[in-house]
Amino acid sequence: MPGNEISMPCTSTTQMVKEKWAADIEDGTYSIGIDCAPKEMTVVTCRDGEVVEQPVTIYSRKVPMNEIRQRLLKNQEKYMRLQTDEQVDALSKDEAIKFLKQNQEHQFADMEITELRAKVKALQRNRHLVMWHDHGTILGQGYIFITVKVIYDTSVFFRKDEYSLNSTLNLQGTIEKPEVHVIGIASSSHEDQAALIPERVSCLRTLNSPIMTTAGIPINDTVRFFAGDGPARNFERGVQQGGTIRCGACGIQTSMTSDIAHALTLKWRTLQEQQDIIIAGKFGKMSTLKPFENLRKAELELELAQRGITFPKKTNKIELEANLLGLLSGFVRVPTLLLKDPCQTLQSINMDKYTILECEPLHDLKGHIHNLFVEVEEHFDTCVKTECITIIAHFMKKETKRACDYRHAAILILLCLLKHNKHSKVCTIFRTIVEISEIMYSSEEKRTPRSILRLYNLTWIHATACTDVFQKLKHLTQEKFYGAYFHALTSHAAQQYEVVCLKSINTENEERIFETAKRIASTTSNRKPEQVLPNMLLRLQAGAQKDRNALEEQNNSIRIAAAHLPCVENTAISKDMTRKYAFSWQAHLNRIAPYLEPGEGFWWREEKEGYEFFDGSDQPDIKVCGPTLLHFRNTFIEKLDLEKRKLFQKLVASTNLPAETIRIYDDSGYCTSVIDRDNFQHTNSGLCNVSLTEVESSIPAVVHVPSQHPQSSQPAVILSQHPQSSQPAVAVFSASSVLTASSSTFSASSVLTASSSTFSASSVLTASSSVFSASSVLTASSSTFSASSVHRE
């Protein structure tokens with residue numbers, strides 16, 4: 001009978017699917033991109049039993065930046081504030097100031113109401129972008145993926161409590177979904193990857209033009225950060241792969257990454273500084289990947305001469321190359337986006353605010369925890385060794401080890417350690433790395449002055465604990481364990497967190513694109529390179545809109561395991577630790593100088609045995625005394641670092657600090673005096689009784705005199721560094737002591753000669769007790785070194 005029919009779903013026909021795809025491409029929902037960067041390839045086939053080689057031209061695919069911006073705006077518009085000109089002009093002065101304060105804007109004291117409204121308008125209409133790229137292999141062919149995403153910014157987007165349509169919505173995760181910008185056919189070689197630079201630059205130039213919302217409100221976009229793994233960062237910045245320089249941001253040498261004090265005192269190097277260094281001579285202005293490679297002696301002399309450095313004619317080529325490499329400090333060319341025209345300004349391609357971040361949560365946490373698992377087995381206490389090794393062994397058997405699995409395993413080991421010996425150094429290592437992981441994966445709303453201080457303290461404690469426990473490595477080399485992962489976490493993670501939420505620069509969603517692309521290519525294509533790309537690009541966009549937030553699901557599973565951990569208490573650091581690591585402790589205090597400025601009792605207090613910092617979970621996130629929360633919109637890491645250095649020098653003279661000894665350095669990095677705040681004397685720690693030591697002749701800021709244990713046959717070593725040299729000089733002190741002690745000073749009868757940037761020992765200094773103590777300043781007079789005090793770290 002009519003009306004009793006049963007409707008059954010049926011599979012869409014191929015024609016229907018094609019029509020739907022065509023309609024979605026037509027209205028801009030999806031894009032198949034445009035051809036770019038052609039590459040000549042040879043396809044080998046077998047026809048009639050004969051091998052035939054056929055040349056083909058394969059094109060990469062690029063979705064123009066303006067198309068991506070429009071699509072992101074279409075998807076995000078409902079989450080944006082987007083006040084019209086009339087609505088902004090109706091704001092009172094108090095309302096405008098309240099909005100600015102809520103969004104970490106602090107420079108408006110002298111502004112008129114019209115200026116305040118203009119500032120509010122500019123904030124609400126400017127998004128910031130993060131770029132990422134990486135290389136992988138799909139169906140035997142190398143591909144490079146470049147993505148773009150918007151950083152969640154509360155001045156542009158609603159807060160979670162303001163957007164109430166769906167209380168379970170992860171607003172930050174929704175905003176920060178990456179969009180594929182370029183899929184290029186490229187091997188892992190820099191030459192292939194550099195072929196895409198003109199396409200990237202042409203898109204960056206279009207950022208000058210705003211795009212319009214449906215209501216006609218202009219929206220601007222600024223590329224603010226690059227996030228990626230080590231090789232991608234090095235390529236983007238233009239620094240050497242491997243070699244003696246470990247980090248592109250601070251230029252630390254590979255052999256020095258375990259030296260915490262040295263790492264914390266290095267300055268952040270900007271892309272502008274890099275460009276200035278490279279193009280200071282003739283050959284740096286060449287549009288090649290390695291402009292300084294294989295230069296002849298005459299060319300080296302010309303390059304150095306143009307940089308204001310001359311050498312005698314008898315200087316050999318090896319010495320000239322070494323001096324040039326020292327000047328370049330690990331840079332091999334201008335930043336990659338300037339490669340086609342090294343002398344153009346960053347502003348000309350809209351990249352003057354571009355920062356290449358050196359710490360990326362996914363790879364650095366995963367890599368460092370893996371290194372811990374490899375080395376830590378020898379250091380577990382007997383009572384927990386079997387259980388902890390079982391956890392590690394079970395985890396290591398997994399065929400695919402995800403970053404979330406490493407974090408989960410670290411929590412399980414920590415729970416085991418807390419049950420038996422929570423005060424052990426190994427427990428400290430796992431407690432700090434678990435907390436560091438939690439902060440690095442936390443959302444923007446949890447980024448507060450308290451959590452920033454907490455991360456600074458955690459990374460310093462973790463670094464010192466690792467150097468205490470892993471003095472002798474069994475399975476890994478020193479450079480591997482204390483390499484890129486350790487350095488990024490302990491030196492740069494907190495620096496970056498101070499200006500941007502580290503979850504925003506996490507690249508797990510970007511890395512997951514590779515797995516999705518492999519699945520698409522193997523199941524929905526004919527495997528021909530020229531047809532794989534459009535299909536892959538289209539389906540990646542379609543899948544991204546329907547994809548669940550896997551990162552949030554992983555974090556939820558880890559939170560369940562972490563729920564059994566005790567509450568986070570205030571950080572307590574013993575005075576013994578601050579004496580043992582006096583140089584790195586002062587460098588750490590320099591980095592947290594804004595928290596010391598209010599004085600004792602606000603963010604810290606001194607106790608009999610140490611110092612307590614008020615950064616526990618029961619402490620307020622923000623305090624009226626400051627510091628204020630900073631933001632990447634108006635704060636740059638390098639400028640913030642400089643401001644902290646100036647502030648710390650000011651605090652030394654006027655404020656009580658959580659340290660017993662403070663060293664004063666001049667602008668050139670030379671130590672000019674040592675201040676003993678309490679006129680203390682600790683004979684058991686080997687500390688000299690010095691209240692204020694004025695240095696007769698300046699010495700290098702980086703002077704480390706490791707003390708020699710009485711039962712040790714190893715000599716103490718002084719590592720000093722001349723300001724104009726990138727290589728440390730080494731003087732070795734052995735055990736037959738010609739040094740005499742008089743009250744608080746050591747006078748040396750032996751002679752060290754200083755020549756340019758190196759120190760050589762013409763005679764040997766030794767200590768009668770074989771122990772060098774803390775708070776050290778060495779003074780140079782002519783060719784004779786006398787020690788006012790000697791520092792151990």
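Hydrogens, waters and symmetry mates play no part in the numbers below; they use all other heavy atoms, side chains included. Throughout, residue positions are numbered sequentially from 1 according to the sequence presented. The model shown is predicted, which means the values in this text are computed figures rather than measured ones.
Between Tyr406 and Phe395, the distance separating the two ring centers is shorter than 6.0 angstrom. The ring of Phe470 has its center closer than 6.0 angstrom to the ring center of His379. With ring centers used as reference points, Phe225 lies under 6.0 Å from Phe632.
Glu444 places no side-chain N or O within donor-acceptor distance of the main-chain N or O of Tyr152, the cut-off being under 3.5 Å. Although no hydrogens or angles enter the test, the distance criterion places a donor-acceptor pair under 3.5 Å between the side chain of Gln104 and the main chain of Gln102. Remark: the backbone N or O of Lys353 is paired with a side-chain donor or acceptor of Arg224 at under 3.5 angstrom. No donor-acceptor pair under 3.5 Å is formed between the side chain of Asp621 and the backbone N or O of Arg450. Counting only distance, with no hydrogens or angles, the side chain of Gln495 and the backbone of Ile637 share no donor-acceptor pair below 3.5 Å. With hydrogens and angles ignored, the 3.5 Å screen pairs a side-chain donor or acceptor of Glu375 with a backbone N or O of Leu476. Proximity of a side-chain donor or acceptor of Arg447 to a complementary backbone N or O of Ile452 within less than 3.5 Å is not detected.
Nearest heavy-atom pair, Lys644 versus Ala593, reported as atom, atom and distance to 0.1 Å: O-CB, 4.0 Å. Taking both residues in full, the closest heavy atoms of Val239 and Gly248 are given as CG1-CA, 4.0 Å, listed atom of the first, atom of the second, then distance. Of all the heavy atoms in Trp603 and Pro627, the pair that sits closest is NE1-CD, 3.6 Å. Minimum heavy-atom separation, Leu629 to His106: O-NE2, 3.1 Å. Residue Ser451 comes nearest to Lys446 through the heavy atom pair OG-O, 3.2 Å, listed as atom of the first residue, atom of the second, then distance. Arg237 and Leu271 get closest at one heavy-atom pair: NH1-CD2, 4.0 Å.
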- Query: Under the side chain to side chain contact (heavy atoms under 4.5 Å, CB included) criterion, do Cys388 and Leu417 qualify, and how do the steps go?
  - Reply: CA-CA 8 Å; Cys388 291; Leu417 293 171; 4.1 Å; yes
- Task: Verify side chain to side chain contact (heavy atoms under 4.5 Å, CB included) between Arg233 and Glu360, making sure each step is shown before the conclusion.
- Result: CA-CA 10 Å; Arg233 292 195 300 261; Glu360 192 278 305; 4.0 Å; yes
- Take Trp604 and Thr571 through the side chain to side chain contact (heavy atoms under 4.5 Å, CB included) test and state the conclusion after the steps. CA-CA 9 Å; Trp604 68 279; Thr571 297; over 6 Å; no
- Message: For a side chain to side chain donor-acceptor pair (under 3.5 Å) check, start with the C-alpha distance between Glu638 and Thr270, then their side-chain angles and the critical distance, and finish with the verdict.
- Response: CA-CA 7 Å; Glu638 64 277 5; Thr270 66; 5.5 Å; no
- Message: Would Thr490 and Ile260 count as a side chain to side chain contact (heavy atoms under 4.5 Å, CB included) here? Give the steps.
- Response: CA-CA 8 Å; Thr490 57; Ile260 309 165; over 6 Å; no
- Message: Asp364 vs His487, test: side chain to side chain donor-acceptor pair (under 3.5 Å). Steps then yes/no.
- Response: CA-CA 9 Å; Asp364 294 325; His487 175 71; over 6 Å; no
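Within the 4.5 Å cutoff, the side chain of Ile439 has no heavy atoms near those of the Leu502 side chain. You'll find the side chain of Lys267 reaches within 4.5 Å of the side chain of Arg645, heavy atoms only. Between His492 and Cys247, some side-chain heavy-atom pair lies under the 4.5 Å cut-off. The shortest distance between side-chain heavy atoms of Pro178 and Trp132 does not fall below 4.5 Å. Taking the side chain as every heavy atom from C-beta outward, Arg605 and Phe613 never approach each other to under 4.5 Å. Residues Glu358 and Gln496 form a side-chain contact, since some pair of their non-hydrogen atoms from C-beta on lies under 4.5 Å apart. Under the 4.5 Å side-chain criterion, counting only non-hydrogen atoms from C-beta, Pro449 is in contact with Tyr595. No side-chain heavy atom of Glu597 sits less than 4.5 Å from a side-chain heavy atom of Phe602.
Tested against Leu489, the residues Leu458, Thr459, Leu365 include a single side-chain contact (heavy atoms from CB on, under 4.5 Å) partner, Leu365.
How far CD of Glu569 is from OG of Ser617: 8.5 Å, rounded to the nearest 0.5 Å. To the nearest 0.5 Å, atoms OG1 (Thr174) and CG (Leu169) are separated by 4.0 Å. Expressed to the nearest 0.5 Å, how far NZ of Lys385 lies from CD of Glu377 amounts to 8.0 Å. The OG1 atom of Thr147 sits 11.0 Å away from the CG atom of Leu129 when rounded to the nearest 0.5 Å. Thr257 OG1 to Arg246 CZ: the interatomic distance, rounded to the nearest 0.5 Å, is 6.0 Å. Rounding to the nearest 0.5 Å places OG of Ser574 at 9.5 Å from NZ of Lys580.
For His420, the side chain to side chain contact (heavy atoms under 4.5 Å, CB included) test picks out Cys383, Val384, Glu387, with sequence neighbours left out. For Glu609, the salt bridge (charged side-chain N to carboxylate O under 4.0 Å, His left out) test picks out no residue, with sequence neighbours left out. Partners of Ser155 under the side chain to side chain contact (heavy atoms under 4.5 Å, CB included) rule, at least two apart in sequence or in another chain, are Phe99, Asn103, Leu123, Asp153, Arg633. For Asp405, the side-chain hydrogen bond (donor to acceptor under 3.5 Å, both in side chains) partners are Lys398, Arg402, not counting sequence neighbours.
Side chains of Arg512 and Asn509: a donor on one and an acceptor on the other come within 3.5 Å. Between the side chains of Ser504 and Glu176, at least one donor N or O lies within less than 3.5 Å of an accepting N or O. A donor-acceptor pair shorter than 3.5 Å cannot be found between the side chains of Gln586 and Thr265. A side-chain donor-acceptor contact under 3.5 Å links Glu105 and Asn634.
Under 4.0 Å is where a charged nitrogen must lie from a carboxylate oxygen, and between Arg159 and Glu445 no such pair does. Using a cut-off of 4.0 Å between Lys/Arg side-chain N and Asp/Glu carboxylate O, Glu510 and Lys149 are scored as salt-bridged.
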Only distances under 3.5 Å count here; give the side-chain donor-acceptor pairs of residues 424-432 to other protein atoms, sequence neighbours excluded, each with its distance to 0.1 Å.
| from | atom 1 | to | atom 2 | distance (Å) |
| --- | --- | --- | --- | --- |
| Ser424 | OG | Asn421 | O | 3.2 |
| Ser424 | OG | Cys427 | N | 3.1 |
| Lys425 | NZ | Asp468 | OD2 | 3.2 |
| Thr428 | OG1 | Ser424 | O | 3.1 |
| Arg431 | NH1 | Glu435 | OE2 | 3.3 |
| Thr432 | OG1 | Thr428 | O | 2.8 |
| Thr432 | OG1 | Ile429 | O | 2.9 |
| Thr432 | OG1 | His462 | ND1 | 2.9 |

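Under the 30°/60° scheme for interplanar angles, the aromatic rings of Phe226 and Tyr354 are found to stand perpendicular.
Identified under the side-chain hydrogen bond (donor to acceptor under 3.5 Å, both in side chains) test for residues 470-486, with sequence neighbours left out: Glu378-Lys474.
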